[in-house]
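As the structure is a computational prediction, the values presented were derived from the model and not from experiment. Quick note on labels: first sequence line is chain A, next is B, and so on, each numbered from 1. Just so you know, these numbers use all the heavy atoms, side chains as well, and skip hydrogens, waters and symmetry mates.
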2 protein chains.
Amino acid sequence: MTQDAEPRLRILLGSSIAMGPGKADLLDAIGEAGSISGAARRMGMSYRRAWLLVETMNRSFKTPLVQAERGGRRGGGTSLTGAGREALRRYRAMEARAQKTLARDMEQFSKLLNPLSGD
Amino acid sequence: MTQDAEPRLRILLGSSIAMGPGKADLLDAIGEAGSISGAARRMGMSYRRAWLLVETMNRSFKTPLVQAERGGRRGGGTSLTGAGREALRRYRAMEARAQKTLARDMEQFSKLLNPLSGD
DNA sequence: ATCGGTTATATCCGTTTGAATATATCGCTT
DNA sequence: AAGCGATATATTCAAACGGATATAACCGAT
């Protein structure tokens, strides 16, 4: 067994990535964890990186995808906004549609690829 | 008018990008220019960068996509192999198919995006 | 034999990226 | 008032990235 090739979808807005596989996963994790720090922990990334990704997303969209609160019983927390849930849902739909549409092409394309070369 | 969002397709093999918009453009340029250095010039990138991209591609595929020659009347040159032309053709087809399939979704998604934020 | 243009490779350097750490602020809880 | 856990932000440091430059090898043309 070797890993196989994966098609990945990114939504580029100008020079910055508004949405992509990593950011979508982060949104999922924030939704589940209820905080940026919790999401970062379970994704094995630094809080700073997670916070920067969130900042990029919030700047890329009309309405912030993520809403943070400081203090409180649990020290604060972060939740997805309505726009956040919508953007995530739509991205996942596009991702799935792309995967499905390209499945046959990917089969062919994969035959050209070097099964080794994990890099 | 502001720039609008663009969906981009990458083919990931392990941790390295086997094919993507930039590499596909480079293959096109090499095909037209007949050399890595010429392609780099017309794309405004350094020879080093172009050469590294070619190296990554050649490592990612079973058969090299690009064949280089040294010396000779024109000092050498680089041409696409059969595999190179095939990979490029298939990638462009996938790209186009994805664009078409996602056009409607992108319309909706774009409504969520911040028209400013060129970064 | 030298020259030209290219591939191939190494080195240097500034920029960017990202982890690690530290600090301030917030607001509930005790 | 002190503690806690989280956000928000700055600073420091190492690694990765990429441009610029230099050099060697190649080989036909002159």
Along DNA chain D, first and last positions that approach a heavy atom of chain A under 4.0 Å: D/dG5 to D/dT11

With a 4.5 Å cut-off on side-chain heavy-atom distances among I, L, V, M, F, W and Y, is there a chain of contacts connecting [X] to [Y]?
X       : Y       : result
B/Met43 : B/Leu27 : yes
A/Ile36 : A/Met45 : yes
A/Leu53 : A/Tyr47 : yes

A/Val66 vs A/Met57, test: side chain to side chain contact (heavy atoms under 4.5 Å, CB included). Steps then yes/no. CA-CA 8 Å; A/Val66 138; A/Met57 283 191 275; 5.8 Å; no

Please list residues of residues 28-55 of chain B whose heavy atoms come under 4.0 Å from any atom in DNA chain C, ordered by number; otherwise none. B/Ser35, B/Ile36, B/Ser37, B/Arg41, B/Tyr47, B/Arg48, B/Trp51

Taking all non-hydrogen atoms of both residues, which atom of B/Ile30 and which atom of B/Val54 are closest, and how far apart? CD1-CG2, 3.7 Å

Base, sugar-phosphate or nothing for A/Arg73? Non-hydrogen atoms, less than 4.0 Å. sugar-phosphate

Under the salt bridge (charged side-chain N to carboxylate O under 4.0 Å, His left out) test, which residues partner A/Arg10, sequence neighbours left out? none

Is any side-chain N of the basic residue among B/Arg104 and B/Glu107 closer than 4.0 Å to the acidic one's carboxylate O? no

Please check if the number of heavy atoms outside B/Arg92 that lie under 6.0 Å from its CZ is greater than 12. yes

